[in-house]
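Notes to accompany the following structure.
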Amino acid sequence: MPINILMPALSPTMEKGNLAKWLKKEGDTVKSGDVIAEIETDKATMEVEAVDEGTIAKIVVPEGTQDVPVNDVIAVLAGDGEDVKAAGAGAAKPAPKPAEAPAPKAAAAPAPAPAPAAPPAPAPQAAASSAPQANGHGRIFSSPLARRLAKEAGIDVARIIGSGPHGRIVARDVEGARSGKGLKAPAATPAGGPTLAPSMSDQQVRALFEEGSYEVVPHDGMRRTIAQRLTASVQTIPHFYLTIDCDIGKLLTAREEINKQAPTDKDKKPLYKLSVNDFVIKAMAVALQKIPNCNVSWTDGGMLKHKHSDVGVAVAMPGGLITPIIRKAETKTLSAISGEMKDFAARARARRLKPEEYQGGTTAVSNLGMYGINHFTAVINPPHATILAVGTSEERPVVRGGKIEIAHMMSVTLSCDHRAIDGALGAELIGAFKGLIENPVMMMV
């Protein structure tokens with residue numbers, strides 16, 4: 001009996017993904033564990049392994065297809081002894097795209113244009129047909145292509161007037177909406193005046209700029225996910241911030257000495273080279289063990305109090321950032337943390353991290369010191385209750401015993417979720433971090 005290969009759920013929250021590449025073709029024999037395809041999610045590109053053995057009878061979803069729902073059939077496998085042609089002939093076919101009338105020539109390559117102050121009222125028949133069809137849920141009928149184009153253009157599909165059968169929104173309607181045509185009038189503005197930028201529609205924002213003075217760069221999945229998560233964080237988590245200055249003179253001395261004595265490989269290259277960030281990760285992990293009431297996650301049902309310090313570390317990558325997690329960081333040596341971070345950073349930039357390597361965690365570190373930033377505040381990434389923003393280390397004048405001295409100082413700012421951590425408790429955590437980062441030998445105790 002033919003075996004359906006389904007679009008896998010590569011993370012608990014994944015609903016759809018892009019089928020980036022097939023590594024096997026129709027007629028190829030596969031064994032359990034063979035890598036057969038690459039799937040792109042908003043954060044990474046992951047390999048799909050075959051679960052069963054057999055011959056690929058039919059590739060149902062071609063490579064390059066975007067937004068393939070989880071559990072959709074992407075290929076069919078003929079089992080041992082089965083007729084490959086027969087298995088392929090009975091394969092599920094992807095749903096055909098609805099026929100759409102060709103778009104007018106004027107809309108073939110639309111240039112972004114300001115929306116008119118008041119969109120022209122549609123003809124009575126068009127207005128009637130564009131209303132949501134009665135199906136009990138107020139659903140807006142639109143073709144899959146139209147929804148994708150509207151999403152890429154940042155246009156709310158509910159505002160587009162459909163010209164297809166029964167008011168269905170089709171691709172040409174989206175193309176017209178890009179230039180401000182065929183859009184329903186936005187909801188009335190409150191009497192207090194225009195709304196702020198976050199509430200402005202795509203067309204309202206574009207109307208503020210001269211036509212031709214900008215280009216539209218569609219958001220990719222990663223940028224949309226970052227926007228959604230951080231917007232939710234700011235809107236739902238009551239942040240407060242604590243800043244402290246740390247003298248890292250002893251740390252820099254210890255780092256230099258450790259790196260000098262690092263063992264080498266056969267090519268005389270050191271097996272590790274510690275960075276200041278490696279010490280920061282370790283110090284934050286140990287500090288959470290010292291102040292366990294800060295190593296928590298807020299839920300409405302109760303506080304999750306974590307046993308280990310799983311520290312996420314922000315890594316910049318093309319188009320956004322990701323936070324791979326050093327699990328049980330309090331138990332690991334500095335050299336082990338350094339090795340993990342180098343591996344994570346390289347695979348993050350290549351979008352090769354696995355979901356379990358960047359999901360979860362109990363806190364996070366964001367270090368912009370290498371960019372010369374002295375001080376900043378970071379946004380908490382749920383389910384964390386804290387995030388540490390690390391500035392640059394620099395020589396500063398400090399007063400000691402009534403005398404001015406030069407010291408290597410580094411400013412750090414702790415963002416706290418006030419639902420889970422109060423001010424005094426947050427102060428204990430950042431104080432514990434300061435004690436460890438200023439006396440790195442205490443991380444080893």
Side-chain angles (χ1 to χ4, degrees), residues 7-21 37-48 61 63-70 72 74 144-145 147-157 197-198 202 205 214-237 277 310-326 340-361 363-368 370-371 373 376-384 387 389 415:
M7 183 67 169
L10 300 174
S11 74
T13 58
M14 178 176 167
E15 296 179 355
K16 56 189 178 182
N18 303 333
L19 209 162
K21 186 178 182 181
E38 292 182 352
I39 304 295
E40 287 181 352
T41 66
D42 55 353
K43 292 284 188 181
T45 299
M46 284 164 280
E47 296 176 338
V48 178
V61 177
E63 64 179 41
T65 303
Q66 298 186 343
D67 296 338
V68 181
V70 166
D72 267 18
I74 59 175
L145 176 60
R147 288 195 298 273
R148 180 170 65 81
L149 293 175
K151 181 180 178 181
E152 291 174 353
I155 301 172
D156 182 0
V157 73
D202 179 78
V205 174
Y214 61 87
E215 64 173 322
V216 179
V217 181
H219 302 304
D220 61 13
M222 173 178 286
R223 181 48 57 187
R224 288 187 181 279
T225 299
I226 291 172
Q228 290 166 359
R229 288 185 63 83
L230 296 188
T231 299
S233 174
V234 171
Q235 291 177 345
T236 61
I237 297 178
N277 208 46
D310 297 334
V311 183
V313 185
V315 174
M317 56 189 295
L321 58 86
I322 195 169
T323 53
I325 299 165
I326 305 293
E340 277 194 47
M341 276 312 306
K342 285 181 173 61
D343 173 57
F344 280 153
R347 289 194 291 119
R349 295 185 182 107
R351 297 200 176 197
R352 292 292 180 181
L353 289 179
K354 300 175 183 177
E356 60 268 24
E357 293 175 325
Y358 59 79
Q359 292 180 343
T363 191
V365 169
S366 180
N367 190 339
L368 294 180
M370 63 282 292
Y371 298 103
I373 304 299
F376 69 103
T377 57
V379 180
I380 296 169
N381 185 26
H384 306 164
I387 184 170
S415 304

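Bear in mind that the values here come from a model prediction, so they are computed numbers and not experimental data.
Across all non-hydrogen atoms, the minimal contact from V70 to A9 is CG1-CB, 3.8 Å. When all heavy atoms of G320 and I226 are compared, the closest pair comes out as CA-CD1, 3.8 Å. The minimum heavy-atom distance between P382 and I237, with the atom names listed, is CG-CD1, 3.8 Å. Nearest heavy-atom pair across I325 and G361 is CD1-N, 3.6 Å. Taking each heavy atom of F376 and S366 in turn, the nearest pair found is CZ-O, 3.2 Å.
N18 meets the side-chain contact (heavy atoms from CB on, under 4.5 Å) test with E40, Q66, D67; sequence neighbours excluded. Not counting sequence neighbours, the partners of P324 by the side-chain contact (heavy atoms from CB on, under 4.5 Å) test are V315, I322, F344, L353. Remark: D72 pairs with no residue by the side-chain hydrogen bond (donor to acceptor under 3.5 Å, both in side chains) rule, at least two apart or across chains. By the side-chain contact (heavy atoms from CB on, under 4.5 Å) test, T377 is found to be paired with Y241, T413, residues two or more places apart in sequence or in another chain being considered. Taking N381 as the reference, R229 meet the side-chain hydrogen bond (donor to acceptor under 3.5 Å, both in side chains) condition, with sequence neighbours excluded. For T65, the side-chain contact (heavy atoms from CB on, under 4.5 Å) partners two or more places apart in sequence, or in a different chain, are V61, P62, V68. Qualifying side-chain hydrogen bond (donor to acceptor under 3.5 Å, both in side chains) partners for K21, counting only residues two or more places apart in sequence or in other chains: none. For N277, the side-chain hydrogen bond (donor to acceptor under 3.5 Å, both in side chains) test picks out N367, with sequence neighbours left out.
Two residues are said to be in side-chain contact when any heavy atoms from C-beta on lie closer than 4.5 Å; V379 and V234 meet this criterion. Taking the side chain as every heavy atom from C-beta outward, D310 and I326 never approach each other to under 4.5 Å. The closest side-chain heavy-atom distance from I39 to M7 is below 4.5 Å. R351 has its side chain out of reach of M46: every pair of non-hydrogen atoms, C-beta onward, lies at least 4.5 Å apart. No side-chain heavy atom of R147 sits less than 4.5 Å from a side-chain heavy atom of L149.
Note on R352 versus E38: salt bridge recorded, some NZ/NE/NH1/NH2 to OD/OE distance being below 4.0 Å.
A donor-acceptor pair is defined here as one N or O able to donate and one able to accept, closer than 3.5 Å; such a pair exists between the side chain of E357 and the backbone of K354. Between the side chain of H384 and the main chain of V311, no donor-acceptor pair closer than 3.5 Å is present. Side-chain atoms of S415 do not come within 3.5 Å of backbone N or O of I380 as any donor-acceptor pair.
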Any chance you could lay out the side chain to side chain contact (heavy atoms under 4.5 Å, CB included) test for I387 and T363, step after step, and finish with the verdict? CA-CA 6 Å; I387 184 170; T363 191; 5.5 Å; no
